[in-house]
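Written out below as structure tokens is the structure these notes cover.
Please read all numbers here as calculations on a predicted model, not as lab measurements.
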Amino acid sequence: MDLLIRDAALRGRPGRWMIAAEGGRLAAVQPEGRDAPAAGTVIDAGGNLVTESFADGHLHLCKVHTLDVAGSSALEAYTGGSMGAAMGAIEQAAAVKAGQSVEAVTGRARAALVESVRHGVRRVQAFADVDPVAELTGVRALLDLKAEFRDRVDVRVVAFPQDGVVRSPGTAELVEEAVRLGADVVGGIPWIEWTDDDAREHVRTMVELAHRYRRRVAMLVDDAGDASLRTTEMLASALLAHGMIGQGSAQHARAMALYPEPYLRRLIGLCRAAGLGFVSDPHTGPLHLPVFTLREAGVPVALGQDDIEDAYYPFGRHNLLEVAFLAAHLLDARTDARLDELYDMITVTAAQVLGGPVPRIEPGHDADLVILTGRTVRQALAAHTPPSHVIVSGRVVATTWSHTSFE
């Protein structure tokens, strides 16, 4: 074997376990104490929890570490009150893109991806703004980094029309060019348009583009404190109309927290029919998706980092344990059962929402693992420290340890 992990705790399985990997895949998962296979690398987990690695369904990777350039006014507008000024905040934040270069985006985003490796984030849906100001600088930078980090982080680049499609002429053509360059996902933010008809046209244009190029769709929908917003419905309807069931994810959808229950229930049924997954980032705004209502109705929901030190959120380390720790408080999810659900939302369910294979600690699956601090999900979330070992395709790509001396 290439790798053997001994004395591991596994979710939902009592006792201690051995995990063996060969050729980048899991070869054996068996109770500790039996004859252990020989391996080139042996790691003693010390009874700590070993799980699937993390997946992030929503990160504005082209914007990371731009807060000092953007200033605080957009941040105040986006996070203030009930998010009524969210559109104005996005318009203010767009100023950082003036004169943006591929090199500048690459340097900032590379630092964030190094943190991704350290924190065991194996997959990330990374948004890159596309518009007549930024042009394709963000997309080109993230595509370069996708290649650079391909053996450690699977970066799915989203061509994202942050400033609109109808209200920003020429953007649709730039998104199509981004897809031809290699962008993996077609993005959208229809609620940023000035009318409902324009929002519907935004959705139609982007979904048709995705359908034509056989790409998935990821759209920021209803991300403001306005109960009249209906772009989640528009997205689900468009996916159904194009036969793209299971090919899209809805980001944020914060206005769903304000919907009357009868409409919310109808919308959930529509989203379930469209196979639409959701990504929620409750730590980056005062409103958030009704996460557990959707999950209980059979709609997959993931958590995402969303932002790292930019005009929308002043913190962030691309640590999804930290994201789930914050969500436990913001979503009032403190029982062990709820914490397990949150953990699914940064691992297996997150991978499902991204449209990739769902990881499992079973023979035949990819050997992408993290060894955590703590023997249970609750202990790991309480610590939310970097994994002691991050394993990608059966190879250790990062190790972290800490030591405190008392005198």
Sequence neighbours left out, what pairs pass side chain to side chain donor-acceptor pair (under 3.5 Å) with at least one residue falling in residues 366-377?
R25-D366, R122-D368, T373-T385

Going by the side chain to side chain contact (heavy atoms under 4.5 Å, CB included) test, name the single residue among I391, L49, T51, V50 that passes it with V370.
T51

Would a 4.5 Å heavy-atom cut-off, applied to side chains only, mark H119 and F54 as touching?
no

Can a donor-acceptor pair be found between the side chains of D163 and S168 at a distance below 3.5 Å?
no

Please confirm whether H252 and F278 have ring centers closer than 6.0 angstrom.
no

Side chains of R118 and H318: does their closest heavy-atom pair fall under 4.5 Å?
no

Would you say the side chain of L4 lies within less than 4.5 Å of the side chain of M18, judging by non-hydrogen atoms?
yes

With a 3.5 Å cut-off and no angle check, do the side chains of T195 and E193 form a donor-acceptor pair?
no

Residues at least two apart in sequence or cross-chain that pass side chain to side chain contact (heavy atoms under 4.5 Å, CB included) with P363, listed by chain then number, are V29

Are any non-hydrogen side-chain atoms of V179 and R215 less than 4.5 angstrom apart?
yes

Have R200 and T205 got a donor and an acceptor in their side chains that come within less than 3.5 Å?
no

Side chain to side chain, D223 and M83, heavy atoms closer than 4.5 Å
yes

Evaluate the side-chain proximity of L145 to T106: yes if any heavy-atom separation is below 4.5 Å, no if none is.
yes

Please walk me through it: do D340 and R11 pass salt bridge (charged side-chain N to carboxylate O under 4.0 Å, His left out)?
CA-CA 9 Å; D340 267 333; R11 294 176 66 202; 3.5 Å; yes

Does R266 make a cation-pi contact with Y259 (under 6.0 Å, within 45 degrees of the axis)?
no

I'd like a table of donor-acceptor pairs (distance under 3.5 Å, sequence neighbours excluded) in which one partner is a side-chain atom from residues 125-134, with atom names and distances.
residue, atom, partner, partner atom, Å
Q125, NE2, G57, O, 2.9
D129, OD1, K63, NZ, 2.7
D129, OD2, K63, NZ, 3.1
D129, OD2, K97, NZ, 2.9
D131, OD1, V133, N, 2.8
D131, OD1, A134, N, 2.6
D131, OD2, K97, NZ, 2.7

Kindly indicate whether the side chain of V207, heavy atoms from C-beta on, has any atom under 4.5 Å from the side chain of M219.
yes

With a 4.5 Å cut-off on side-chain heavy atoms, are L26 and I361 touching?
yes

Could you tell me whether R123 and E52 make a salt bridge, using a distance below 4.0 angstrom between a side-chain N and a carboxylate O?
no

By the side chain to side chain donor-acceptor pair (under 3.5 Å) test, which pairs, at least two apart or in different chains, include something from residues 346-359?
none

In terms of side-chain heavy atoms, does E322 have a donor or acceptor partner in H384 at a distance below 3.5 Å?
no

Rounded distance (nearest 0.5 Å) linking atom CD1 of I192 with atom CG of D198:
12.5 Å

Derivation of the side-chain contact (heavy atoms from CB on, under 4.5 Å) call for V299 and L276:
CA-CA 7 Å; V299 176; L276 186 62; over 6 Å; no

With E32, which of R16, R13, R6 fulfils salt bridge (charged side-chain N to carboxylate O under 4.0 Å, His left out)?
R6

Polar contact flag, side-chain donor to acceptor under 3.5 angstrom, S228-D226
yes

Y263 atom OH, neighbour heavy-atom count above 12 within 6.0 Å:
yes

If you look only at pairs with a residue in residues 181-190, which of them pass as a side chain to side chain donor-acceptor pair (under 3.5 Å), with sequence neighbours excluded?
K146-D184

Here the ring pair (Phe, Tyr, Trp, His ring centres under 6.0 Å) pairs for residues 196-249, sequence neighbours left out, are H211-H242

Flag for Y78-D307: side-chain donor and acceptor within less than 3.5 Å:
no

